[in-house]
Undergrad: 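Take this structure first; my questions come after.
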Amino acid sequence: MIDEFVQALWSERATAILRAKSADAARHAMEAAVEGGFRILEFTLTTPNALGLIEAFAHRPGLIVGAGTVLTLDQAQAAVTAGARFLVSPIVDDAVIHRARELGAAAIPGTHTPTEMVQAHRAGAPLVKLFPAPAGGPAYLRSVLAPLPFLRVVPTNGVDEHNAADWLRAGAWGVGFVASLFDPEDMAEARYDRIRDRARRLKAAVSAVERSEKMAALERSPVKLEPTA
């Protein structure tokens, strides 16, 4: 199940990441993203009724839903019970990574340095989130992957329509769109049609990037590192 998600993210190359102030706004906004072509969705647990939203969208055919801002073991359990297939955190927490694997969900911990990325990889995370956005942007990621090509890195902060292709060409496994998809003003004014149209543009920008054969999901074999626990 974890490998299937990793492969699905490689195929889709993009996730819609939503943090909202109300459950109703979150539902409408994510629906707009789905209408715009997104199939991998993330609701942060700071969003009201996030678990209910995860459950509702996870039951829909063709959608893969995950939880964001997962910081505790209880949150990991609750999210997976609701239907989350991946768990995203802003930090590296070995215990949360281990629990995610036990639950059959993909852990995507937040990392910034090569040391944190390898630590997360050793703990069993199949993917790592690049957070916050480094000053070097895609060039930073390219530098990291040069000596550590087995890492599957997913930038989620500062990715937009104009640089998404650069991130992917630098070696990102996929990218996550947050405010660049769910514009705060559009959210506040319930302009969900604009979110839908933006989703279409973002998906088009991602789809236009050719995949490198050597980075294919079934061909990239992670280096076997000694686990930390």
Side-chain angles (χ1 to χ4, degrees), residues 1-90 96 99-110 126-127 129 154 156 159 174-203 206:
M1 189 173 185
I2 294 175
D3 290 342
E4 290 176 0
F5 169 73
V6 172
Q7 183 64 38
L9 180 56
W10 171 256
S11 298
E12 289 291 323
R13 309 301 302 278
T15 64
I17 304 171
L18 179 58
R19 186 186 306 275
K21 295 182 179 179
S22 78
D24 189 58
R27 179 173 59 84
H28 287 295
M30 193 62 88
E31 184 62 49
V34 171
E35 291 175 1
F38 278 83
R39 295 296 176 263
I40 300 181
L41 322 174
E42 176 188 331
F43 291 95
T44 64
L45 294 185
T46 54
T47 298
N49 194 34
L51 294 176
L53 291 165
I54 289 171
E55 183 175 13
F57 279 79
H59 278 91
R60 295 173 55 175
L63 300 182
I64 299 175
V65 185
T69 320
V70 178
L71 297 172
T72 70
L73 300 183
D74 287 344
Q75 288 177 332
Q77 179 68 65
V80 173
T81 299
R85 291 182 55 188
F86 61 96
L87 305 177
V88 185
S89 305
V96 171
R99 180 58 59 84
R101 290 188 67 85
E102 292 172 354
L103 295 170
I108 312 179
L127 300 149
K129 169 182 175 178
V154 184
T156 64
V159 182
V175 293
F177 296 104
V178 193
S180 59
L181 171 56
F182 301 107
D183 179 84
E185 290 188 8
D186 290 344
M187 293 289 294
E189 299 179 16
R191 295 184 297 194
Y192 303 119
D193 58 326
R194 297 186 61 170
I195 294 174
R196 179 200 61 216
D197 294 343
R198 191 177 300 109
R200 289 172 177 163
R201 295 197 304 271
L202 292 172
K203 284 289 291 182
V206 168

Undergrad: Kindly compute the distance separating CD1 (Ile17) from CE (Met30), expressed to the nearest 0.5 Å.
TA: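 Here the rounded value is 9.0 Å.
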Undergrad: Nearest 0.5 Å, what's the OG-CE distance between Ser22 and Met187?
TA: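 The distance works out to 7.0 Å.
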Undergrad: Can you sort out the partners of Phe86 under ring-ring contact (aromatic ring centres under 6.0 Å, His included), two or more places apart, ordered by chain and number?
TA: Phe5
Undergrad: For Val96, enumerate each residue passing the side chain to side chain contact (heavy atoms under 4.5 Å, CB included) test, keeping only those at least two apart in sequence or located in another chain.
TA: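 Here the qualifying residues are Val70, Leu73, Ser89, Asp93.
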Undergrad: Give the minimum heavy-atom separation between Ala76 and Leu87, together with the two atoms involved.
TA: CB-CD1, 3.7 Å
Undergrad: Got a second to check how far Gln75's CD is from Leu51's CG, nearest 0.5 Å?
TA: 8.5 Å
Undergrad: State whether the side chain of Arg196 and the backbone N or O of Gly36 hold a donor-acceptor pair below 3.5 Å, judged by distance alone.
TA: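 The answer is no, because no donor-acceptor pair under 3.5 Å joins these two groups.
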Undergrad: Ignoring hydrogens and geometry, is there a side-chain-to-backbone donor-acceptor pair from Ser180 to Val159 under 3.5 Å?
TA: yes
Undergrad: I need the Leu202 CG to Arg13 CZ distance, nearest 0.5 Å.
TA: 14.5 Å
Undergrad: Find out whether Asp3 and Gln7 are in side-chain contact, i.e. whether some heavy atom of one side chain is under 4.5 Å from a heavy atom of the other.
TA: no
Undergrad: Do Leu18 and Leu41 have side-chain heavy atoms sitting under 4.5 Å apart?
TA: no
Undergrad: Hey, does Pro48 have a side-chain heavy atom less than 4.5 Å from the side chain of Leu53?
TA: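 The answer is no, as the side chains (C-beta and beyond) never meet within the 4.5 Å cut-off.
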Undergrad: Has the side chain of Glu12 got a donor or acceptor atom that lies under 3.5 Å from a matching backbone atom of Ala8?
TA: no
Undergrad: Closer than 3.5 angstrom, by distance alone: can the side chain of Arg39 be matched with the main-chain N or O of Val34 as a donor-acceptor pair?
TA: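 Checking the backbone N and O of Val34 against the side chain of Arg39, a donor-acceptor pair under 3.5 Å is found.
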Undergrad: Looking only at non-hydrogen atoms, find the nearest pair between Ala67 and Ile54 and report the distance.
TA: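 It is CB-CD1, 3.7 Å.
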Undergrad: Find the distance between OG1 (Thr15) and CD1 (Ile108) and round it off to the nearest 0.5 Å.
TA: 7.5 Å
Undergrad: What pairs meet the salt bridge (Lys or Arg N to Asp or Glu O under 4.0 Å) rule with one or both residues in residues 65-77, with sequence neighbours excluded?
TA: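 Matches after skipping sequence neighbours: none remain.
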Undergrad: Restricting to side-chain hydrogen bond (donor to acceptor under 3.5 Å, both in side chains), what partner residues turn up for Thr81, sequence neighbours left out?
TA: Gln77
Undergrad: List the residues meeting side chain to side chain contact (heavy atoms under 4.5 Å, CB included) with Glu189, not counting sequence neighbours, and say none if there are none.
TA: Arg191
Undergrad: Roughly how far, to the nearest 0.5 Å, is CD of Glu42 from CD1 of Ile64?
TA: 13.0 Å
Undergrad: How close do Pro126 and Ile2 get, counting heavy atoms only, and between which atoms?
TA: CG-CG2, 3.8 Å
Undergrad: Under a 4.0 Å threshold between the charged nitrogen and the carboxylate oxygen, would Arg194 count as salt-bridged to Asp197?
TA: no
Undergrad: Check Asn49 against Ala23 and note the closest heavy-atom contact, atom names and distance.
TA: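 Residues Asn49 and Ala23, closest heavy atoms: CB-CB, 3.8 Å.
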Undergrad: Where is the tightest heavy-atom contact between Gly83 and Ala58, given as atom of each residue plus distance?
TA: O-CB, 3.8 Å
Undergrad: Please assess Arg198 against Asp183 for the test side chain to side chain contact (heavy atoms under 4.5 Å, CB included), listing each intermediate value before the final yes or no.
TA: CA-CA 9 Å; Arg198 191 177 300 109; Asp183 179 84; 3.8 Å; yes
Undergrad: Give a yes or no answer on whether the side chain of Thr47 reaches the backbone of Ala20 with a donor-acceptor pair at less than 3.5 Å.
TA: yes
Undergrad: For Glu31, which residues count as a salt bridge (Lys or Arg N to Asp or Glu O under 4.0 Å) partner, sequence neighbours excluded?
TA: Arg60
Undergrad: For the residue pair Ala84 and Ala105, what are the closest heavy atoms and their distance?
TA: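 The answer is O-CB, 4.4 Å.
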